[in-house]
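Below you'll find the structure, written out as structure tokens, and then a few comments.
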Amino acid sequence: MPPARSRQVRYARRRRRRMAAVEHDLSATQWAALVEAWGGCAYCGATGVALQRDCVLPISRGGRYTLANIAPACASCNASKCNDEVTGWLRRKRLDERAFLERHVRIQAALAAGAGAGAGAGATGSAPTLSAVSAAHDDDVAVGSDGAPSSS
């Protein structure tokens with residue numbers, strides 16, 4: 001048992017050093033806006049479950065907790081992804097990689113535009129932009145896994 005404990009201690013120390021080495025600037029307001037914009041797990045679309053902050057580029061690979069690098073994920077997807085690169089993981093899980101990446105870019109752009117427009121107005125300045133992002137999600141539902149529009 002002692003070797004496992006010492007491995008755990010080394011891992012915890014390493015993670016603390018990695019976390020302290022980079023600046024994490026994701027605020028609670030930004031996280032709430034991300035959760036609202038995605039409307040569920042960014043990867044599988046699960047709703048009604050607790051969402052966790054998942055780094056698109058893992059911290060162990062140089063990522064950090066920033067608005068551009070975080071996606072809300074259910075516990076199952078977050079644990080499964082671990083520290084894998086997101087596109088390879090999506091392919092392996094047979095999830096729609098293109099839809100995720102396109103939506104991620106649209107949400108990031110909308111949140112950045114909302115933050116720029118509402119810089120002096122507080123958190124309420126980004127609400128109309130989030131509604132537009134949520135409305136754009138309806139377009140994602142009509143896209144098949146091959147990227148072509150579905151007939152349904």
Side-chain angles (χ1 to χ4, degrees), residues 12 14-152:
R14 230 179 311 150
R15 181 167 171 78
R16 270 195 306 272
R17 279 194 302 258
R18 274 197 311 263
M19 295 291 281
V22 295
E23 181 181 336
H24 305 287
D25 59 0
L26 183 72
S27 69
T29 306
Q30 290 172 325
W31 170 245
L34 271 174
V35 170
E36 181 184 338
W38 280 101
C41 177
Y43 304 120
C44 69
T47 58
V49 296
L51 297 174
Q52 303 172 350
R53 292 169 177 88
D54 180 56
C55 291
V56 175
L57 176 65
I59 292 172
S60 63
R61 296 180 183 223
R64 49 195 197 118
Y65 286 118
T66 61
L67 184 61
N69 191 44
I70 294 293
C74 64
S76 176
C77 287
N78 198 8
S80 172
K81 184 177 165 283
C82 192
N83 71 337
D84 289 344
E85 193 267 326
V86 71
T87 55
W89 177 79
L90 286 166
R91 279 185 220 126
R92 203 169 46 255
K93 295 289 281 185
R94 300 184 192 281
L95 295 170
D96 193 355
E97 172 188 0
R98 182 177 179 177
F100 167 77
L101 293 173
E102 288 175 350
R103 187 153 183 236
H104 183 69
V105 168
R106 276 199 314 268
I107 287 174
Q108 296 307 317
L111 290 176
T124 59
S126 62
T129 307
L130 291 177
S131 299
V133 170
S134 296
H137 173 60
D138 295 338
D139 296 337
D140 291 341
V141 175
V143 175
S145 62
D146 60 351
S150 64
S151 59
S152 52

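Because the structure is predicted, anything quoted here is derived from the model rather than measured.
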**Asked** Which is it for L111 and Q30 under the side chain to side chain contact (heavy atoms under 4.5 Å, CB included) test, yes or no, and what are the steps along the way?
**Response** CA-CA 8 Å; L111 290 176; Q30 290 172 325; over 6 Å; no
**Message:** Could you walk me through whether V49 and C41 satisfy the side chain to side chain contact (heavy atoms under 4.5 Å, CB included) test, starting with their C-alpha distance in whole Å, then the side-chain angles of each, then the deciding distance to 0.1 Å, before giving a yes or no?
**Reply:** CA-CA 8 Å; V49 296; C41 177; 5.6 Å; no
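Side chains of T66 and L26 form no contact here, defined as non-hydrogen atoms less than 4.5 Å apart. You'll find the side chain of H104 reaches within 4.5 Å of the side chain of V56, heavy atoms only. Inter-residue side-chain proximity for I107 and L34 is flagged as met; some heavy-atom pair is nearer than 4.5 Å.
Heavy-atom minimum distance, Q52 versus A75: NE2-CB, 3.5 Å. Counting all heavy atoms, side chain and backbone alike, T47 lies closest to G40 at CG2-CA, 4.2 Å. Nearest heavy atoms, W38 versus P72: CD1-CD, 3.2 Å. Residues D84 and R61 come closest through the heavy atom pair CA-NH2, 4.3 Å.
Residue C44 is tested with S76, S80, C77 for a side-chain contact (heavy atoms from CB on, under 4.5 Å); the sole match is C77. Here the rule is side-chain contact (heavy atoms from CB on, under 4.5 Å) with P58, and of V86, N83, N69 only N83 fits it.
Other residues, nucleotides and ligands place no more than 12 heavy atoms under 6.0 Å from the CZ atom of R94.
In this structure, Y65 has its ring center no closer than 6.0 Å to that of W31.
Between the CD atom in E85 and the CG atom in L57 there is a gap of 8.5 Å [rounded to 0.5 Å]. Considering CZ of R91 and CG of D96, their distance stands at 12.0 Å, rounded to 0.5 Å.
When atom types are taken as modelled, the side chain of R92 and the backbone of T87 share no donor-acceptor pair closer than 3.5 angstrom.
Between Y43 and W89, the angle of the ring planes goes over 60°, which puts this pair in the perpendicular group of the 30/60° scheme.
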